[in-house]
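Everything quoted here is computed from the prediction, not taken from an experiment. We name chains A, B, ... by the order of the sequence lines, and we start the count at 1 in each one.
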Number of protein chains: 2
Amino acid sequence: MSAVAGDSKVATKQRLIEAAEELFADEGFDRVSVRDITTKAGANVAAVNYHFGSREGLVAIVLARYINPVNEERLARLDALERKIGGKPVPVEEVLEAFVRPFTTQVRRSELTEKLFFKLMGRMFGQEGCNLPPVVETVFVNMLNRFQKAFAKAMPGLAADDVWWRIHLMAGAMIHTMAHADTLQRFSGGDSGSPTLEQTLSRFIRFTAAGMRQGADDPHEGEKPRGPQVEFPF
Amino acid sequence: MSAVAGDSKVATKQRLIEAAEELFADEGFDRVSVRDITTKAGANVAAVNYHFGSREGLVAIVLARYINPVNEERLARLDALERKIGGKPVPVEEVLEAFVRPFTTQVRRSELTEKLFFKLMGRMFGQEGCNLPPVVETVFVNMLNRFQKAFAKAMPGLAADDVWWRIHLMAGAMIHTMAHADTLQRFSGGDSGSPTLEQTLSRFIRFTAAGMRQGADDPHEGEKPRGPQVEFPF
DNA sequence: CCAGCTGTCAAACGATTGATTTAATTCTGC
DNA sequence: GCAGAATTAAATCAATCGTTTGACAGCTGG
């Protein structure tokens, strides 16, 4: 029945993790019960509590399994870029590349489909992004601060809060694109095509790079707030 | 205890809806039980089933209550813009304004805080964005197709799939920003400031406008895929 | 005045949840 | 081949879930 169950050679613990990842990916963390997981893994109901102490323990492991490597690879890539370029600012596109490329690295470490992996990542950073285990959160915050500095350096003259907000918008585009790629296909009636992973990455980097450094070469553009251009009868 | 419970003059049905909205907003649709809602509304457990037939019925009503007005106001605003400008393409910024401005209109129709309202909207379009009631989905798809055409007209020469993907990235930035504004505050250590709603809207429009029309004034920029600039030891 | 409807109530329903235990079994490493 | 770890089926636990029931109060229209 399941793609995971039946591989009795693989250790139960591993099968449980993989089954949980798949279920979490396409149903969300909340809608999946311990019994769903153990059934899909072809294991006993007690297995989750035996191996992970509790359902929460399994969730924590699934969360940490990829988020930490992704964040650490992000930092390593940013380090490499800065080391390579010396003291000069790293171009926005390359910082963005360091930010998203780790996903394509880590998807190969997993047993999941590309599609499912990105869905899982999207759910993690989106939905469950608030209840991260402390170890994961520490690395996460460090990573964010390092990238904030890198972006600020790449866009001199931009206020710190502006940089943070652009990072937030950028991250939102990334998370939503990862988690709901299929939604686009459904809503566009197939007109969104079937791009490769690399094409999608390219689209993301170009879109967000333009957004990040917007106004940089147009210094007269200040915080001019935009009112509604068309008055509306409400 | 609750801001909603106790207003015994307000009809129970209304109190249930408002309590549900608040709870759904800051806990998500899945984590809220019928008893949570009725308790907060100061009503009996059976009230939800009496007034809405089921929990699902209440969810559907909450979903339709704002999504439909928002989408219809979007369409009306886009209509107004196109009528005003004649046959010429509407500038990207103004299309974007028509896309997000309705939220600021509808937030005043609700009993919710700005913060809670946007959180609820974010959750709707994000998490629950797949199981929309059919009536809501119809309007939604119509709206999306109209905006796709408007964006395509504003950015001539851009392929249809590119337009769809940029809309997807733009919508992601919007949804994530709405749903997780507090997350930014926490992760930035307060360095993201306390912008007004109008400032945030301005930031969003400028960010996504740059992303949407990126490459438009730079015609030599094609689909050149970006490989990793720095080889990495994984 | 009372029949009829609506809203509300406490109480209980059956189902499912995560967790735990027991005891028997299988696997694995030394 | 033995010891210990891993895994199993089965049963149980308290808690919570969405839903249902039947009774009761308040009101309205005739």
Side-chain angles (χ1 to χ4, degrees), chain A residues 1-65 111 123 127-128 131-133, chain B residues 1-2 4-64 123 127-128 131 133:
Chain A
M1 172 176 300
S2 155
V4 177
D7 304 344
S8 43
K9 272 292 154 237
V10 184
T12 303
K13 192 169 177 177
Q14 191 65 20
R15 287 200 333 269
L16 285 173
I17 293 179
E18 291 169 16
E21 284 174 353
E22 287 194 28
L23 288 172
F24 289 158
D26 51 28
E27 307 202 24
F29 289 90
D30 290 339
R31 285 194 247 255
V32 178
S33 71
V34 172
R35 284 171 176 82
D36 292 335
I37 298 170
T38 52
T39 299
K40 172 154 193 154
N44 190 268
V45 212
V48 163
N49 287 277
Y50 176 79
H51 285 288
F52 307 99
S54 67
R55 181 190 190 279
E56 217 179 330
L58 172 55
V59 170
I61 284 200
V62 170
L63 283 179
R65 200 157 112 96
E111 314 291 331
R123 283 197 197 275
Q127 170 183 356
E128 201 79 4
N131 317 4
L132 292 177
Chain B
M1 175 175 299
S2 156
V4 176
D7 304 344
S8 44
K9 272 292 154 232
V10 184
T12 302
K13 191 170 179 177
Q14 192 65 21
R15 289 201 330 268
L16 286 173
I17 293 179
E18 292 170 16
E21 284 174 353
E22 288 194 26
L23 289 171
F24 288 159
D26 50 28
E27 307 201 24
F29 288 90
D30 290 339
R31 286 195 244 257
V32 177
S33 71
V34 172
R35 282 172 176 82
D36 291 336
I37 298 170
T38 52
T39 299
K40 174 156 192 151
N44 189 268
V45 213
V48 163
N49 286 276
Y50 176 79
H51 286 286
F52 307 98
S54 66
R55 181 189 190 277
E56 216 180 332
L58 172 54
V59 170
I61 284 201
V62 170
L63 282 179
R123 285 198 196 275
Q127 169 184 357
E128 201 79 3
N131 317 2

Write down the distance between [atom1] ([X]) and [atom2] ([N]), rounded to a whole number of angstrom.
| X | N | atom1 | atom2 | result |
| --- | --- | --- | --- | --- |
| B/Phe52 | C/dT6 | CZ | P | 17 Å |
| A/Lys13 | D/dT8 | NZ | P | 15 Å |
| B/Leu16 | C/dT8 | CG | C1' | 11 Å |

Report, as yes or no, whether the 6.0 Å neighbourhood of atom CD on A/Glu56 holds more than 12 heavy atoms from other residues, nucleotides or ligands.
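12 or below, so no.
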Does B/His51 put a side-chain nitrogen or oxygen below 4.0 Å from OP1 or OP2 of C/dT6?
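Checking B/His51 against C/dT6: no side-chain N or O falls below 4.0 Å of OP1 or OP2.
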State whether B/Tyr50 places a side-chain N or O below 4.0 Å from either non-bridging phosphate oxygen (OP1 or OP2) of C/dT6.
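Answer is no, no contact under 4.0 Å.
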I want to check something: taking the side chain as every heavy atom from C-beta on, are A/Ile17 and A/Leu58 in contact at a cut-off of under 4.5 Å?
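Counting from C-beta outward, A/Ile17 and A/Leu58 do come under 4.5 Å.
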Is there a side-chain contact between A/Ile37 and A/Phe24 in this structure, where contact means two heavy atoms from C-beta onward sitting under 4.5 Å apart?
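In short, these two side chains touch, coming nearer than 4.5 Å.
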Just by modelled atom types, is the A/Asp36 backbone N or O under 3.5 Å from a matching donor or acceptor in the A/Thr39 side chain?
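No: the side chain of A/Thr39 does not pair with the backbone of A/Asp36.
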Counting N and O atoms only, with roles assigned by atom type, does the side chain of A/Arg31 sit under 3.5 Å from a partner on the main chain of B/Asp30, one being a donor and the other an acceptor?
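No, because the side chain of A/Arg31 does not come within donor-acceptor range (under 3.5 Å) of the backbone of B/Asp30.
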Strictly under 4.0 angstrom, non-hydrogen atoms only: write out the protein contact profile of nucleotides 15-22 of chain C, one letter per nucleotide from the 5' end, B, S or -.
--SBBBB-
Check against side chain to side chain contact (heavy atoms under 4.5 Å, CB included), A/Tyr50 and A/Lys13:
CA-CA 9 Å; A/Tyr50 176 79; A/Lys13 192 169 177 177; over 6 Å; no
